[in-house]
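Keep in mind it's a predicted model, so treat the numbers as computed, not measured. Just so we're on the same page: letters track the sequence lines, and every chain starts at 1.
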Amino acid sequence: MHDIRAIRENPAAFDAALARRGLSPLSSELLAIDEARRALIKQAEDAKAAQNALSKEAGQAKAKGDEAEFVRIREEVSRRKAVEGGLLEQANAEDLRLKAALEVIPNLPLDEVPEGKDEDDNVEIRQWGTPRAFDFQPVEHFDIAGVKPGMDFNTAAKLSGARFVVLKGAVTRVHRALAQFMLDTHVNEHELEETWTPVLVKSEAMYGTGNLPKFAEDSYKTTNDWWLVPTAEVTLTNTVAGDIIDGADLPIRMTAHTQCFRSEAGSAGKDTSGMLRQHQFEKVEMVTICTPETALAEHDRMTRCAETILEKLGLPYRTIVLCTGDMGFGSQKTHDMEVWLPGQNRYREISSCSTCGQFQARRMNARYRAGSGAKPDFVATLNGSGLAVGRCLIAVLENGQQADGSVELPAVLHPYLGGKTRISAEGKLV
RNA sequence: GGAGAGGUGGCGGAGUGGUCGAUCGCGCCGGUCUCGAAAACCGGAGUACCUGCAAGGGUACCGUGGGUUCGAAUCCCACCCUCUCCGCCA
């Protein structure tokens, strides 16, 4: 959500930033609503003030026992009431109109974000690791002999339809090990606080992170109006909704391992084979709540947390800055990490770390107080995947595949696998 | 799911129609006293919005949304949440 006062102070800057996102100017339209709104508020509140004063006089007349005066005032107020009520209603309507206009406008990119139209204009900022040289033709994860027995799309289709998977045996164990490894690393080495949250949330929570009202069709809703979270960003970020946090308690750095649910509306035909794009998947999420001044430093820190996981797993990746045209709705700046998938012979997104500045905080009314007596200000919020577990499983399997159909597993996972080091071509953990 | 109790400012807790944005206690901030602290005493302090150069003024907020009334924290209705007991259950 944008601050209308900031737009009022510098409409040109607002429009210029929108233009960088490829959007038409909106400030004059917004300011027109704002002016009408403020004029109506003034009128309505002045009328209300006059009425309040009269009511007080009525009380005093009553107390003095001046019945005639009391009746006179009471009737006077009664007469004015309709007018005043109408004004209040109009002011309210105009207020809602402004809110409705503001809440669907995406966040503005920071100046340092490269300008661009779509994903082709994203800018690589670093690469880590070298894609392995294979002496055979590497295949996609679902075609690896040792993986096949443990990754069953047909059974999942029977249960749930397309874009679901049933995992079995060794593959499941590796999947679980990955999540555990990520959480342990974040908690023990990155000092993130392990958190466990609901995955069913109220509309307010979805609104707070910006998933509503604009992107309702991307998520699922239950019959009693809960939403299934598309990411733990929703729950972790909203833990501070409505709060005024003591500045000394910032930053708050959290991590959680949850199921995520996405309708994938609009991705029809994209990534239809394998478990790259599912309606239900697991993700270890990171969320940081901090002061606006520290947000960029925290963003780099969070990015490093995600990169560290990939490095420890020995998975080659590159980190890119999304250009203005490719950023998500709530983001001011986004780093994507793309992992090398030899089966596809390309890098694919495995993590996305964004700073939202005060954009989400304003929607959630999440504030902090710098010191005692200081005025509350909105916090900054950041979120990032650390990492998508399912996609990480794919990367581990594809990068570790051998000519005979077996899979060598990263050393850091061995302790989580009871000392086993590979999946045999027959699909056994050995 | 059934029965009951309750949701008031950072916390506790008054307040059942009129000057209540709200008594009081604790905590917090400033000051006096003190070498310093504690105690005691004095003073201060909510949030958002509108208006104003400012000082200030105004509106709203006592779980949420409606309603009654000249006037609502107080009355009425609906909903949400918490707690206790019972039932059911991973």
Distance, P atom - from B:rC75 to B:rA38, rounded to whole angstrom: 44 Å
A:Lys312 bridged to A:Glu189 by N-O distance under 4.0 Å: yes
B:rU16 - base-pair partner by Watson-Crick or wobble geometry, distances under 3.5 Å: none
- request: Let me know the distance between CG of A:Leu88 and C1' of B:rG66, rounded to the nearest Å.
  value: 15 Å
From B:rC50, B:rC70, B:rU47, nucleotide with atom closest to A:Ala58 side chain: B:rC70
task: Output the single nucleotide from B:rA60, B:rA48, B:rU19 whose closest atom is nearest the side chain of A:Lys375.
output: B:rA48
Distance between P atoms of B:rC42 and B:rU47 (Å, rounded): 26 Å
- prompt: Taking NZ, NE, NH1 and NH2 as the nitrogens, is one of them in A:Glu76 or A:Arg79 under 4.0 Å from a carboxylate oxygen of the other?
  reply: yes
query: Got a donor-acceptor pair under 3.5 Å from the side chain of A:Gln60 to the base of B:rU19?
result: yes
- request: Would you mind reading off the distance between A:Glu84 atom CD and B:rU69 atom C1', rounded to a whole angstrom?
  value: 13 Å
field: Opposite nucleotide pairing with B:rA73, Watson-Crick or G-U, both atom distances under 3.5 Å
entry: none
- prompt: Which nucleotide in the list B:rA48, B:rC50, B:rC70 gets nearest to the side chain of A:Arg8?
  reply: B:rC50
- prompt: Which listed nucleotide (B:rU59, B:rC70, B:rU47) is nearest to the side chain of A:Arg369?
  reply: B:rU47
message: Between P on B:rC49 and CG on A:Leu102, what's the gap in Å once rounded to a whole number?
response: 13 Å
query: Looking across every strand, which nucleic acid part, if any, lies under 4.0 Å from A:Arg5 by heavy atom: base, sugar-phosphate, or nothing?
result: sugar-phosphate
message: So A:Ile73, base contact, sugar-phosphate only, or nothing? Heavy-atom distance under 4.0 Å.
response: nothing
- prompt: Which nucleotide, B:rC50, B:rA48, B:rA60, lies nearest any side-chain atom of A:Arg367?
  reply: B:rA48
- prompt: Looking at B:rU19, B:rA48, B:rG18, which one has an atom nearest to any side-chain atom of A:Lys56?
  reply: B:rU19
query: Considering only the C1' atoms, how many Å lie between B:rA54 and B:rG44, rounded to the nearest integer?
result: 22 Å
message: When the P atoms of B:rG10 and B:rU51 are compared, how many Å lie between them, rounded to an integer?
response: 27 Å
- line: As its Watson-Crick or G-U partner within any shown strand, both distances under 3.5 Å, B:rG30 has B:rC42
field: Spacing of the P atoms in B:rA39 and B:rC29 (rounded, Å)
entry: 12 Å
query: When rounded to the nearest Å, what value does the distance between P atoms of B:rG17 and B:rG67 take?
result: 23 Å
message: Any carboxylate oxygen within less than 4.0 angstrom of a Lys/Arg side-chain nitrogen, looking at A:Glu264 and A:Lys270?
response: no
- prompt: Between B:rG21 atom P and A:Asn52 atom CG, what is the distance in whole Å?
  reply: 10 Å
query: Charged N to carboxylate O under 4.0 angstrom, A:Arg253 versus A:Glu191?
result: no
message: With a 3.5 Å distance limit and no angle check, can you tell me whether A:Thr381 reaches the backbone of A:Cys356 through a side-chain donor-acceptor pair?
response: no
task: Considering only atom P, compute the distance from B:rG9 to B:rG46 and round it to an integer number of Å.
output: 15 Å
B:rA3: pairing nucleotide in any strand, Watson-Crick or G-U under 3.5 angstrom: B:rU84
query: Which nucleotide, in any strand shown, forms a Watson-Crick or G-U wobble pair with B:rA22, with both distances under 3.5 Å?
result: none
message: I want to confirm an ordering. Mapping A:Asp34 and A:Arg74 to their closest nucleotides on RNA chain B, which one lands closer to the 5' end?
response: A:Asp34
message: Among B:rG58, B:rC70, B:rA60, which nucleotide has an atom closest to any side-chain atom of A:Lys81?
response: B:rC70
- prompt: Which base, if any, makes a Watson-Crick or G-U wobble pair with B:rG52, both distances under 3.5 Å?
  reply: none
- request: Between A:Ser78 and A:Gly59, name the one whose nearest nucleotide on RNA chain B is closer to the 5' end.
  value: A:Gly59
task: Could you check how far CZ of A:Arg38 sits from P of B:rU51, rounded to whole Å?
output: 4 Å
task: Kindly confirm or rule out a cation-pi arrangement of A:Arg391 over A:Phe281, judged by NZ or CZ under 6.0 Å from the six-membered ring centre and within 45° of its axis?
output: no
message: Aromatic contact between A:Phe261 and A:His279, with the criterion being ring centroids under 6.0 Å apart: yes or no?
response: no
Same-atom distance (P) from B:rA3 to B:rA90, integer angstrom: 25 Å
Protein-nucleotide distance (A:Glu94, atom CD; B:rC49, atom C1'), rounded to Å: 16 Å
field: A:Asp152/A:Lys168 ion pair, N-O < 4.0 Å
entry: yes
message: Nearest whole Å is fine: how far is B:rC50 P from A:Lys42 NZ?
response: 12 Å
query: Which of the following nucleotides, B:rC70, B:rA48, B:rG58, is nearest to the side chain of A:Ser55?
result: B:rC70
message: How many whole angstroms separate atom NZ of A:Lys48 from atom P of B:rU69?
response: 13 Å
query: Just checking A:Arg37: base, sugar-phosphate only, or nothing, at a heavy-atom cut-off of under 4.0 Å?
result: sugar-phosphate
